[in-house]
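Working notes, structure below.
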Amino acid sequence: SNARNLWMGTFHSIFARVLRAEAKHLGFESDFSIYDSDDSKSVLRGIVKEWGLDDKLYKINTLASRISSLKNKLIGPQDLPNHPNFIEEELLAGRKRFPELFVEYQKRLFKSGAMDFDDLLYKTWWLFNTNPEVLYKYQHRFHFILVDEYQDTNPVQYEIIKMLSAVFRNICVVGDHAQSIYSFRHRVAYCFRWRHRCAAVLVRFDVFHPVYHQLPIISGPFDTGNIDIALFVLCLCLGVLVDIVNVDLHYRVVVSGLGI
């Protein structure tokens with residue numbers, strides 16, 4: 001029976017489930033539509049055409065990427081006035097109406113009872129920030145949290161799991177920043193800090209879980225050779241930060257105790 005309380009899935013699938021359950025707090029019905037990339041671009045294409053904008057400046061792929069990037073950096077259309085650098089970049093690119101377009105895009109999604117793929121993250125973060133009783137509910141639903149492939153998290157995912165784990169602090173994240181291949185999807189190795197590789201890290205796991213211990217092992221956790229597998233499993237069970245890093249044919253495990 002306890003297994004039925006276990007939630008497993010991607011960030012997007014789990015947060016879609018949360019949003020459907022809490023849709024009323026955002027003014028949506030629980031059966032809202034989820035727009036894929038083609039749907040989102042169709043909405044943008046309609047705005048560009050109706051407003052008579054130059055489609056050589058307002059390229060649909062560029063607009064879609066820009067909006068996605070902003071949402072994953074926790075910047076909604078209402079936040080743009082507080083981020084003059086973004087506005088300046090759009091002006092230099094000849095897209096002075098981008099802020100208006102962003103607002104209109106979100107209005108059309110809402111009117112259609114839809115969220116785009118990035119909204120599944122951004123609106124979950126917004127939901128938790130503006131509805132403390134909802135955040136409290138899910139903080140106490142998820143006593144233990146495990147995030148795999150943590151090197152591929154982005155700012156909005158980072159902030160959500162930080163909020164969810166704030167009460168019980170039982171969180172285990174597993175990843176290898178050297179295997180991060182999704183920087184083009186707005187992931188910036190937010191989880192780990194290595195002086196020689198992560199100079200651009202902005203927000204890190206160690207900011208809110210600062211206690212570190214480094215434990216060397218001889219081979220990777222998925223190799224079939226000699227390995228202290230008991231140590232690796234123990235890390236997972238106790239709720240610690242595990243970073244497997246290949247350095248000169250050796251590996252290191254970085255463990256962060258969470259005060260459990």
Side-chain angles (χ1 to χ4, degrees), residues 4-5 7-53 55 58-83 86-87 90 95 97-139 141-142 153-161 163-164 182 185-187:
R4 295 176 182 174
N5 296 321
W7 287 33
M8 296 180 64
T10 64
F11 279 114
H12 290 85
S13 65
I14 289 175
F15 296 151
R17 182 175 174 182
V18 170
L19 289 172
R20 291 199 185 281
E22 312 297 339
K24 64 181 180 181
H25 294 284
L26 298 173
F28 283 83
E29 299 294 330
S30 60
D31 61 347
F32 62 83
S33 300
I34 299 175
Y35 279 7
D36 61 18
S37 177
D38 290 339
D39 296 326
S40 298
K41 290 177 182 179
S42 178
V43 174
L44 292 169
R45 192 173 292 109
I47 298 172
V48 169
K49 183 177 181 179
E50 291 175 27
W51 287 9
L53 301 176
D55 59 9
Y58 292 85
K59 296 179 180 179
I60 303 305
N61 287 341
T62 300
L63 295 174
S65 176
R66 191 66 165 161
I67 289 174
S68 175
S69 177
L70 288 168
K71 289 181 179 180
N72 281 284
K73 292 175 180 174
L74 305 171
I75 301 174
Q78 73 284 350
D79 302 312
L80 279 178
N82 299 322
H83 296 272
F86 285 101
I87 296 178
E90 293 304 315
R95 295 188 293 266
R97 299 197 67 183
F98 175 81
E100 301 170 65
L101 186 148
F102 193 2
V103 171
E104 180 64 19
Y105 171 75
Q106 289 302 126
K107 285 182 177 179
R108 295 194 182 195
L109 260 61
F110 182 77
K111 186 176 181 180
S112 298
M115 298 185 191
D116 65 21
F117 202 58
D118 296 302
D119 279 332
L120 299 180
L121 303 178
Y122 177 77
K123 289 191 179 297
T124 299
W125 172 79
W126 180 266
L127 171 72
F128 289 158
N129 268 281
T130 57
N131 296 272
E133 73 284 357
V134 177
L135 174 60
Y136 178 91
K137 171 183 174 180
Y138 288 95
Q139 285 175 330
R141 178 185 293 273
F142 302 129
T153 55
N154 62 27
V156 64
Q157 293 166 342
Y158 171 92
E159 290 297 331
I160 294 172
I161 62 173
M163 287 190 288
L164 287 174
Y182 294 117
R185 292 182 183 173
H186 325 299
R187 292 159 170 79

Are any non-hydrogen side-chain atoms of [X] and [Y] less than 4.5 angstrom apart?
{"X": "R17", "Y": "I14", "result": "no"}
{"X": "F117", "Y": "S68", "result": "no"}
{"X": "I67", "Y": "L44", "result": "yes"}
{"X": "Y158", "Y": "N154", "result": "no"}
{"X": "L26", "Y": "K123", "result": "yes"}
{"X": "L63", "Y": "R95", "result": "yes"}
{"X": "F11", "Y": "V156", "result": "no"}

- Task: Would you confirm whether T124, through its side chain, and L120, through its main-chain N or O, come within 3.5 Å as a donor-acceptor pair?
- Result: yes
Is the closest basic N to carboxylate O distance between [X] and [Y] below 4.0 Å?
{"X": "E90", "Y": "R97", "answer": "no"}
{"X": "K71", "Y": "D116", "answer": "yes"}
{"X": "R108", "Y": "E104", "answer": "yes"}

With rounding to the nearest 0.5 Å, note down the distance linking [atom1] in [X] to [atom2] in [Y].
{"X": "T130", "Y": "F128", "atom1": "OG1", "atom2": "CZ", "result": "10.0 Å"}
{"X": "E100", "Y": "K107", "atom1": "CD", "atom2": "NZ", "result": "10.0 Å"}
{"X": "I160", "Y": "Y122", "atom1": "CD1", "atom2": "OH", "result": "11.5 Å"}
{"X": "D118", "Y": "L70", "atom1": "CG", "atom2": "CG", "result": "10.0 Å"}
{"X": "F102", "Y": "I75", "atom1": "CZ", "atom2": "CD1", "result": "8.5 Å"}
{"X": "F15", "Y": "L164", "atom1": "CZ", "atom2": "CG", "result": "6.0 Å"}

Can you name the closest pair of heavy atoms from [X] and [Y] and give their distance?
{"X": "P77", "Y": "V103", "result": "CB-CG2, 3.7 Å"}
{"X": "I34", "Y": "A16", "result": "CD1-CB, 4.4 Å"}
{"X": "P155", "Y": "L74", "result": "O-CD1, 4.5 Å"}
{"X": "H25", "Y": "N131", "result": "ND1-OD1, 3.5 Å"}
{"X": "M163", "Y": "Q139", "result": "O-NE2, 2.7 Å"}

- Task: Assess R20 against F32: is NZ or CZ under 6.0 Å from the centre of the six-membered ring, and within 45 degrees of the ring's axis?
- Result: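 Pair R20/F32 counts as cation-pi.
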- Query: Hey, mind stepping through F110 and F28 against ring-ring contact (aromatic ring centres under 6.0 Å, His included) and telling me if it holds?
  - Reply: CA-CA 8 Å; F110 182 77; F28 283 83; 5.0 Å; yes
- Message: The test is side chain to side chain donor-acceptor pair (under 3.5 Å); show your working for T10 and S13 and say whether it passes.
- Response: CA-CA 5 Å; T10 64; S13 65; 3.2 Å; yes
- Side-chain donor-acceptor pair under 3.5 Å between D119 and Y35, yes or no? no
- Which salt bridge (charged side-chain N to carboxylate O under 4.0 Å, His left out) pairs, counting each pair once, include a residue from residues 26-41, with sequence neighbours left out? none
